[in-house]
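In what follows, a single structure is set out as C-alpha cells and then discussed.
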2 protein chains.
Amino acid sequence: MFTAVSKKNLSDEIGDQIINKILSGVLCPGDKLPPERDLSLQMNVNRHTLREALRKLDTLGLLSIRQGDGIYIRDFRESGNLELLKHILYLRKDITSDIMKNILEIRRYISPEMAYRAAQNRSDEESEHLKSLLKQELPVEEKDLAIHQSIARGSGNILYIFILNFFNDIFRDFGALYFSFKENQEASEKFHKNIVKAITEKNPDLAKKIMNEILVYAENITLKYMENKYEKI
Amino acid sequence: MFTAVSKKNLSDEIGDQIINKILSGVLCPGDKLPPERDLSLQMNVNRHTLREALRKLDTLGLLSIRQGDGIYIRDFRESGNLELLKHILYLRKDITSDIMKNILEIRRYISPEMAYRAAQNRSDEESEHLKSLLKQELPVEEKDLAIHQSIARGSGNILYIFILNFFNDIFRDFGALYFSFKENQEASEKFHKNIVKAITEKNPDLAKKIMNEILVYAENITLKYMENKYEKI
DNA sequence: TTGGTGTAATGGTTCAACCAATAATCAAAA
DNA sequence: TTTTGATTATTGGTTGAACCATTACACCAA
C-alpha cells in the first residue's frame, strides 16, 4: 500500500553528491580532490562526516585515497564494481530500459547455468529444503526469492550467491509490479514446481531449460512494462 | 624482483578483524554488536576510527547500522556482494583451488557471451582501438588486460565492464605466474590477433568460439598450477 | 487495546588538536 | 652534473570530548 521512505544520513548525501559530480563529468578520472579540510568547509560538514563518505566511495572503487598525498578520482570503468553500479542506478531513480535490458541479458546467461549446476551438485538437504519451500504458504514474491537463493546455494559455486544478491537488489522494487499480475504469479508457481522437480531428480539439462524459459518470459514482460510505464502511472 | 608490501591503516585492520570474526562463526547473522563506544574501547581505538571500519563493512553488505538501535550482523549469503567476496579471498591470502574453479567457471560462461555481443555491437572507434592495441609494444599482461577491457566496452552492456573488473582484481596476482611461461604468452598473442579479427569483422559466433577456447586453455593451465604450487615454491 | 510521554541507550555529527606519510625543495656529496 | 640525504609544508590518519537525533522500551492514560 505505502512505500517506505528512505532516510539518508549526512554522509550518504555527501557521497551521492560526489558520485553525481563524477557521473556528470565535473570531476574526471585522475582529478585530485581538494584536501579534506577544504572540502568539508566547502560542503559545510565536519571533516569526520566527510571522511565517512569518502571511505564508502573508496570501497566502491571510485576513489584512491593516499595519506600525505591526496584523494584522486579513479576511472570507474577500470576500478568500479557492481556495488557501485547499483548505487548509480538507485541514484538516478529511474532505471532506463536500456540498462534493464543489459541486466536481464546477463541474468539470462548466468541463472540457467546456475540451475544446471544445482541439479548436478545439490546436497540432499538442499533438495529437502527446496521441497519444503514449495509447500510453504508464502507470498509468491518471497517464495520466488527463497527458491532462487536455495538454487544458488545448491549449485556449489559461491559466486552465484553473490551475483544473485545483485539481481535481487535491482529487482526488489520491480518485483512488486511483476507479481501484482495474476498471470505472472501463476507462471512463477508453475516454474517453482518444475524447477524443484528437475533439481530433485538431478536432471541438469531440464533444470537449465526450465530456468531459461521463465527468464525469457519474465524478461519480455518486464521490458514491456518498462516501455508502457508512462501510460500506467 | 621484490613484491610490494601492503600497508594497512588502522581502520582496515579493524574491519578485517570483524570480518574474520564473522567468517569464523564467532559472530553470527542477527547478532548485535556492542555499542560503538564499548567496541572502540575493547579494540583500543578511537570511536571515529572504528566508525570508518564499520562504514566499509556496511558498504560490503555485512552490517546493518541503525541509529538509536544498534549494529547488527547481516547474513552475507543474503546481502553480501562480489566486493565482499574479493575482500574475503584477499584476507585468506591463499585462494583455494575450489574457489578458483568457481571463478573460472563463471568467467567461462560470461566472457564468450561478452565477445559475442562485442562482435555484434562494436562501434567503429572501438574496432580501431582494438586494432591499435594489437600493434602496440606492451607487456603481454597489460595488453591482455586492455583488450579484454576494450571488448567489454564494445559489448554495449555496461555490466560486463564491472564484472570484468572483478575478474581482473582476482587474477592480478595470478597473471604474473601465468604470463611467465612463454607458451602462454604465445597462446595469448594468437588469441589477441584472432579475437580482434573476429570482432572487427563482426563475426559474433567466431568471437564467442575464440574467447571460449582461450578461457578453457587458461582454465586448465591455471588449475594445474594451483595443484602443483607447493612443488614450485 | 490503543495512543501518548518520558527516559535511557545508541548511532550521527561537530570541534579542536595532534600523529604519520608523502611530495617538494634544497643543500651537500660524489 | 647527478645523486643522495635532510628539511619542510601539505595532507590523510587518529584521538578525545562533547553534543545532536533517532530508536526502543517502560510506563501511563484514555
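Chain identifiers are assigned alphabetically (A, B, ...) following the order of the sequence lines, protein sequences preceding nucleic acid strands; residue numbering begins at 1 within each chain.
Shown here are the side chain to side chain donor-acceptor pair (under 3.5 Å) partners of B:Asp12, two or more places apart in sequence or in another chain: A:Arg55, B:Lys56. Residues forming a side chain to side chain donor-acceptor pair (under 3.5 Å) with A:Glu83 (at least two apart in sequence, or on another chain): A:Lys86, B:Asn81. Partners of A:Arg108 by side chain to side chain donor-acceptor pair (under 3.5 Å), not counting sequence neighbours, listed by chain and number: A:Glu219. For B:Glu128, the salt bridge (charged side-chain N to carboxylate O under 4.0 Å, His left out) criterion is met by B:Lys131, not counting sequence neighbours. Partners of A:Asn46 by side chain to side chain donor-acceptor pair (under 3.5 Å), not counting sequence neighbours: none found.
Side-chain atoms of B:Ser150 and B:Glu126 include a donor-acceptor pair closer than 3.5 Å.
When side chains are defined from C-beta on, B:Arg74 does not count as touching B:Leu63, because their heavy atoms never get closer than 4.5 Å.
Contacts between residues 56-70 of chain A and DNA chain C, defined by a heavy-atom separation under 4.0 Å, are made by A:Gln67, A:Gly68, A:Asp69. At a non-hydrogen distance threshold of 4.0 Å, A:Pro35, A:Glu36, A:Arg37, A:Arg47, A:His48 from residues 26-50 of chain A come into contact with DNA chain D.
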Return a table of donor-acceptor pairs under 3.5 angstrom between the side chains of residues 37-45 of chain B and protein atoms on other chains or two or more places apart.
| residue | atom | partner | partner atom | Å |
| --- | --- | --- | --- | --- |
| B:Ser40 | OG | B:Glu36 | O | 3.1 |
| B:Ser40 | OG | B:Arg37 | O | 3.0 |

Can you give me every donor-acceptor pair (side chain of residues 160-168 of chain B, partner residue at least two apart or in another chain, under 3.5 Å) with its distance?
| residue | atom | partner | partner atom | Å |
| --- | --- | --- | --- | --- |
| B:Asn165 | ND2 | A:Arg77 | O | 3.4 |
| B:Asn165 | ND2 | A:Gly80 | O | 2.8 |

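Listed by first and then second residue, the ring-ring contact (aromatic ring centres under 6.0 Å, His included) pairs that reach into residues 63-82 of chain A come to none, sequence neighbours excluded.
Heavy-atom contacts of chain A under 4.0 Å fall on DNA chain D between two terminal nucleotides, which in 5' to 3' order are D:dT10 to D:dT23.
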Table of protein N/O atoms under 3.5 Å from nucleotides 3-5 of chain C N/O atoms:
none

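A salt bridge is defined here as a Lys NZ or Arg NE, NH1 or NH2 lying under 4.0 Å from an Asp or Glu carboxylate O, and B:Glu186 with B:Lys182 meets this definition.
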